[in-house]
Amino acid sequence: MPRLHTYRQRHGQYVLTEVDGMVVSYQLTAAGEERLAQAGITAGEPFDRALLLDLYRTGDAYALGNEFPEAVLANQLPLDFAADPHPASAFPVCDGCRQAIDLHLSLPGQRSDVTAQLQCPHCRASSSMRMDTSIPLRLLSRSLVTRLFESKQVVRQSENVVRYLALLDAEFQQHWERYRTRDAVRQAQLFSDSDLGGLGLT
């Protein structure tokens, strides 16, 4: 399961999880941190991968691959990626090398024969095909992808692109609600009305 961590040397939080057998660090936007806080998730706590997938879908969690959290460098963090009902395979990975960092939706090929792929920085740089379009996933929405595919006449989509489009279409609200309501147990009244002077304060 993904686990939320707080930076030791600077302000902010990040998430560690496993994707395709590799530990990946996901940075969070301020909105991503706020959504996790509103769900009652605190630093050091594991949470469902579905929530991280939703943050990834909206661009509030992203993996650029150029940061090494202090806990990783010191090798002093608990890793607990087992028993998550949502498989790591739900995360998009590069079509070439299966990395999960800094992915772009890439459209290599000729204008009449464009293929949609997900590519990491290395595979984008080493591709021998002419690159028509390359957009970071964190900037995309479902409507933008639809318009892009129509205008570029995309004829094929890789399996990872299909998985990513399914992620954009997914509904995650029920998972957030489960976290928000898990601790929502009404606290019993601590004082009687007579103790409060009959003011009706609870």
task = Would you sort out whether L36 and W176 count as a side chain to side chain contact (heavy atoms under 4.5 Å, CB included), showing the intermediate values?
result = CA-CA 9 Å; L36 289 173; W176 289 101; 3.9 Å; yes

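Note: the hydrophobic cluster containing L144 also contains L103 (ILVMFWY, side chain heavy atoms under 4.5 Å, direct or indirect links). Cluster annotation: I135 and Y164 are assigned to the same hydrophobic cluster (Ile/Leu/Val/Met/Phe/Trp/Tyr, side-chain heavy-atom contacts under 4.5 Å, transitive). The cluster map of Ile, Leu, Val, Met, Phe, Trp and Tyr, joined by side-chain heavy atoms under 4.5 Å apart, puts V23 and Y14 in the same cluster.
What you find for D95 and S158 is that their closest heavy atoms are OD2-OG, 2.8 Å. Of all the heavy atoms in V15 and P2, the pair that sits closest is CG1-CB, 3.7 Å. Considering all non-hydrogen atoms of both residues, Q13 and A43 come closest at NE2-CB, 4.1 Å. Y179 and P46 make their closest contact through OH-O, 4.2 Å (heavy atoms, listed as atom of the first residue, atom of the second, distance). Across all their heavy atoms, F91 and R163 have their closest contact at O-CD, 4.2 Å. Taking each heavy atom of A100 and V19 in turn, the nearest pair found is CB-CG1, 3.9 Å.
In this structure, the side chain of Y56 does not engage the main chain of A63 through any donor-acceptor pair within 3.5 Å. Y26 contributes no side-chain N or O that, together with a main-chain N or O of L55, makes up a donor-acceptor pair within less than 3.5 Å.
In this structure, the separation between OG1 on T133 and NE2 on H104 is 12.5 Å, given to the nearest 0.5 Å. Separation of atoms CZ (R142) and CG (L167) is listed at 11.0 Å; rounding is to 0.5 Å. Taken to the nearest 0.5 Å, the CG atom of L53 stands 8.5 Å off from the OG1 atom of T17. For the atom pair D54 CG and D48 CG, the distance stands at 12.0 Å (nearest 0.5 Å). Interatomic distance, CZ of R178 versus CZ of F47, reported as 12.0 Å (0.5 Å rounding). Rounded to the nearest 0.5 Å, atoms CG (L52) and CE (M1) are 11.0 Å apart.
Side-chain polar atoms of T58 and D60 form a donor-acceptor pair below 3.5 angstrom.
With contacts defined as side-chain heavy-atom distances shorter than 4.5 Å, the pair L118/C94 does not qualify. Residues L107 and L148 have side chains in contact (heavy-atom distance under 4.5 Å, counting atoms from C-beta outward). Residues L105 and F149 form a side-chain contact, since some pair of their non-hydrogen atoms from C-beta on lies under 4.5 Å apart. R35 places none of its side-chain heavy atoms less than 4.5 Å from the side chain of I41. For the pair Q157 and V162, the minimum side-chain heavy-atom distance is below 4.5 Å.
For Q119, the side-chain hydrogen bond (donor to acceptor under 3.5 Å, both in side chains) partners are S106, Q117, not counting sequence neighbours. Taking the side-chain hydrogen bond (donor to acceptor under 3.5 Å, both in side chains) definition, one finds that R138 meets it with nothing, sequence neighbours left out.
Pairs of residues two or more places apart, or lying in two chains, that qualify as salt bridge (charged side-chain N to carboxylate O under 4.0 Å, His left out) and include a residue from residues 118-127 are D102-R124.
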